[in-house]
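Report on the following structure.
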Amino acid sequence: MDKLKAIIVGAGSRGTLYTKIMLEMPEKYEVIAVADPIEGRRKQIQSLCNLPDEMCFADWRPLLALGKIADIAVIATMDRDHTEPTMKAIEL
């Protein structure tokens with residue numbers, strides 16, 4: 001089976017936890033992009049996953065504007081902010 005590609009939308013404690021879980025199973029998962037408005041959080045996921053700068057976003061909208069680039073979208077934004085990125089990810 002090919003690796004499942006994942007994007008992380010929201011790189012706080014939840015997003016980081018899910019990223020670390022996927023990193024424990026590198027034969028199954030590959031995190032390919034991250035979006036978070038806080039630079040330090042983005043940089044942490046970028047470093048953990050060795051992501052290029054062009055796959056790190058301050059907002060989820062430009063990330064999802066790339067279209068369906070992953071098999072999994074981890075929506076780990078603040079609870080009150082889940083709906084919009086979730087609906088866009090489902091649409092893709």
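Computed from a predicted structure; not experimentally measured.
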Same apolar cluster: L23 and M55, side chain cutoff 4.5 Å: no

Please list, chain by chain and in numerical order, all residues satisfying salt bridge (charged side-chain N to carboxylate O under 4.0 Å, His left out) with E24, sequence neighbours excluded. none

Residues which pass side-chain contact (heavy atoms from CB on, under 4.5 Å) with T83, listed by chain and number, not counting sequence neighbours: M87

Taking all non-hydrogen atoms of both residues into account, name the closest pair between K3 and Y29 and its distance. CD-O, 4.2 Å

A89 and A73: which non-hydrogen atoms are nearest, and at how many Å? CB-CB, 4.0 Å

Mind checking whether F57 and L66 have side chains closer than 4.5 Å, heavy atoms only? yes

Return the minimal non-hydrogen interatomic distance between M22 and V74, and the atom names on each side. CE-CG2, 3.9 Å

I32 versus A70, closest heavy-atom pair with distance: CD1-CB, 4.1 Å

To the nearest 0.5 Å, what is the distance between CH2 (W60) and NZ (K88)? 8.0 Å

State which residues pass salt bridge (charged side-chain N to carboxylate O under 4.0 Å, His left out) with D59; sequence neighbours excluded, sorted by chain then number. R61

State, yes or no, whether a side-chain contact exists between I7 and I69 at a heavy-atom distance under 4.5 Å. yes

Partner of T16 under side-chain contact (heavy atoms from CB on, under 4.5 Å), chosen from V34, I45, I8: I45

Taking C-beta and beyond as the side chain, do L4 and E30 meet within less than 4.5 Å on heavy atoms? no

Side chain to side chain donor-acceptor pair (under 3.5 Å) contacts touching residues 36-50 (sequence neighbours left out): Q46-D53

Is there a continuous path of hydrophobic side-chain contacts, each under 4.5 Å between heavy atoms, that joins M78 to I38? no

Closest heavy-atom contact between P85 and L64? O-CD1, 3.7 Å

Shortest non-hydrogen separation from G10 to A76 and the atoms involved: O-CB, 3.5 Å

Sequence-distant partners of D79, salt bridge (charged side-chain N to carboxylate O under 4.0 Å, His left out), two or more places apart: R14

Applying a strict under-4.5 Å side-chain criterion to I, L, V, M, F, W and Y, I'd like to know whether I21 and L51 cluster together. yes

Set of residues satisfying side-chain hydrogen bond (donor to acceptor under 3.5 Å, both in side chains) with respect to T19, sequence neighbours excluded: none

